[in-house]
Amino acid sequence: MTATLLDGKATAAEIKDELRIRVKALAERGIIPGLGTVLVGADPGSQAYVNGKHRDCAEVGIASIRRELPADATQQQVDDVLAELNADPACHGYIVQLPLPAHLDTQRVLELIDPDKDADGLHPVNLGRLVLGYDGPLPCTPRGIVELLRRHDVALRGATVAVVGRGNTVGRPLGLLLTRRSENATVTLCHTGTLDLAAHTRAADIVIVAAGVPGLLTAEMINPGAVVVDVGITRVIGADGKGRYTGDVDPEVAETAGALVPMPGGVGPMTRAMLLTNVVERAERD
Ligand SMILES: Nc1nc(=O)c2c([nH]1)NC[C@@H]1CN(c3ccc(C(=O)N[C@@H](CCC(=O)O)C(=O)O)cc3)C=[N+]21
């Protein structure tokens with residue numbers, strides 16, 4: 001068997017087409033949605049991601065608000081930028097690119113974002129809203145995964161899902177999203193303390209791997225025909241000495257799985273499309 005590839009890039013392009021129409025409707029009401037990004041330091045990977053977000057904004061007609069601080073910026077400087085974006089009516093939502101340099105307090109920074117401008121959906125208030133089932137911006141990667149599966153008619157209702165990874169940006173909130181009444185999946189959240197990971201992944205209809213461990217999920221660990229989602233993105237140095245990104249799913253899984261969300265071309269573009277969606281939704285409430 002060879003897995004059907006679920007193309008996140010094409011689906012993200014579809015979503016951007018839909019957003020372009022919604023942005024036009026907003027323009028008729030005199031509203032231009034604005035997305036802010038805060039980048040501290042000059043990590044080339046982070047710069048590339050932030051550039052990608054601004055390119056996406058330009059494609060759908062969202063205004064970009066870009067703030068950059070040097071790697072040695074003080075906590076006060078960061079706090080001031082957040083206060084400025086919180087007060088700026090042109091900024092409907094913004095993100096602080098993670099990871100931050102080690103001398104800055106990430107928890108404090110994330111808590112200073114106005115929860116109603118939290119385009120990532122990672123503010124404690126918004127994660128709390130997700131726990132309680134209240135409305136609020138949803139975390140982009142979990143939302144993107146659910147949206148990609150929905151648009152490919154992968155049934156979640158009644159399905160058993162093994163989520164591998166309990167991180168705050170993907171695994172933990174994804175478990176919450178999938179177990180909402182509207183999704184009704186049955187989730188097993190696996191992590192580094194899980195004793196027999198393969199027993200859990202083999203029992204699942206859908207396996208979503210967000211552990212950040214290259215090649216963690218191998219073909220023997222899945223039920224043939226299962227749907228597999230690769231969320232991993234780890235920078236490794238190849239045999240040629242060049243850096244490249246690798247996923248958490250061993251390439252051989254594509255021979256056994258029924259469907260595969262690949263990396264690249266899967267969850268990453270969907271995450272970016274959901275960031276835009278969060279900003280447009282917020283602007284629509286103006
Ligand atoms: N506050 C914050 N929010 C984030 O959402 C956030 C962050 N910090 N820090 C870093 C991670 C990483 N991340 C990616 C998003 C898209 C791709 C993506 O689109 N990747 C392409 C390949 C790379 C490309 O073509 O640009 C793909 O998977 O096909 C990758 C990585 C968001 N992150």
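Start at 1 and go down the list; that is how both ligands and their atoms are numbered.
Side chains of L156 and E183 form a contact here, defined as non-hydrogen atoms less than 4.5 Å apart. Side-chain contact between R108 and D79 is present, with heavy atoms from C-beta onward closer than 4.5 Å. P173 has its side chain within reach of L127: a pair of non-hydrogen atoms, C-beta onward, lies under 4.5 Å apart.
Under 4.0 angstrom from ligand 1, the non-hydrogen atoms of D120 all belong to its side chain. Using a 4.0 Å cut-off between heavy atoms, Y245 makes no contact with ligand 1 at all.
Cluster partners of L197, by chain and number: L5, V164, V207, V209, V213, L216, L217, M221, I222, V228, V249, V253, L260. The rule joins Ile, Leu, Val, Met, Phe, Trp and Tyr whenever side-chain heavy atoms lie under 4.5 Å apart.
Residue contacts with ligand 1: I95 is placed with no nitrogen or oxygen under 3.5 Å of a nitrogen or oxygen of the ligand (distance criterion only). At least one N or O atom of R272, backbone or side chain, sits closer than 3.5 Å to an N or O atom of ligand 1. Residue I233 places no N or O, backbone or side chain, under 3.5 Å from any N or O of ligand 1. Not a single N or O atom of T271, backbone or side chain, sits closer than 3.5 Å to an N or O atom of ligand 1.
Using a non-hydrogen distance threshold of 4.0 Å, K53 registers as a contact of ligand 1. Between G52 and ligand 1 there is no heavy-atom distance shorter than 4.0 Å. Ligand 1 has G265 within reach: a non-hydrogen atom of the residue lies less than 4.0 Å from it.
Using a 4.0 Å cut-off between charged side-chain N and carboxylate O, R66 and E68 make a salt bridge.
Follow the hydrophobic side-chain contacts under 4.5 Å out from L82 and you never reach L39; the two are in separate clusters.
The V96 neighbourhood of ligand 1 comprises atoms 1 (N), 2 (C), with distances under 4.0 Å to a heavy atom of that residue. Against a heavy-atom cut-off of under 4.0 Å, P264 is close to the following atoms of ligand 1: 27 (C), 28 (O), 29 (O).
Note that atom 25 (O) of ligand 1 has no protein non-hydrogen atoms nearby, at separations under 4.0 angstrom.
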Under 3.5 Å, which donor-acceptor pairs link side chains of residues 233-246 to any protein atom two or more places apart or in another chain?
from : atom 1 : to   : atom 2 : distance (Å)
D240 : OD1    : K242 : N      : 3.0

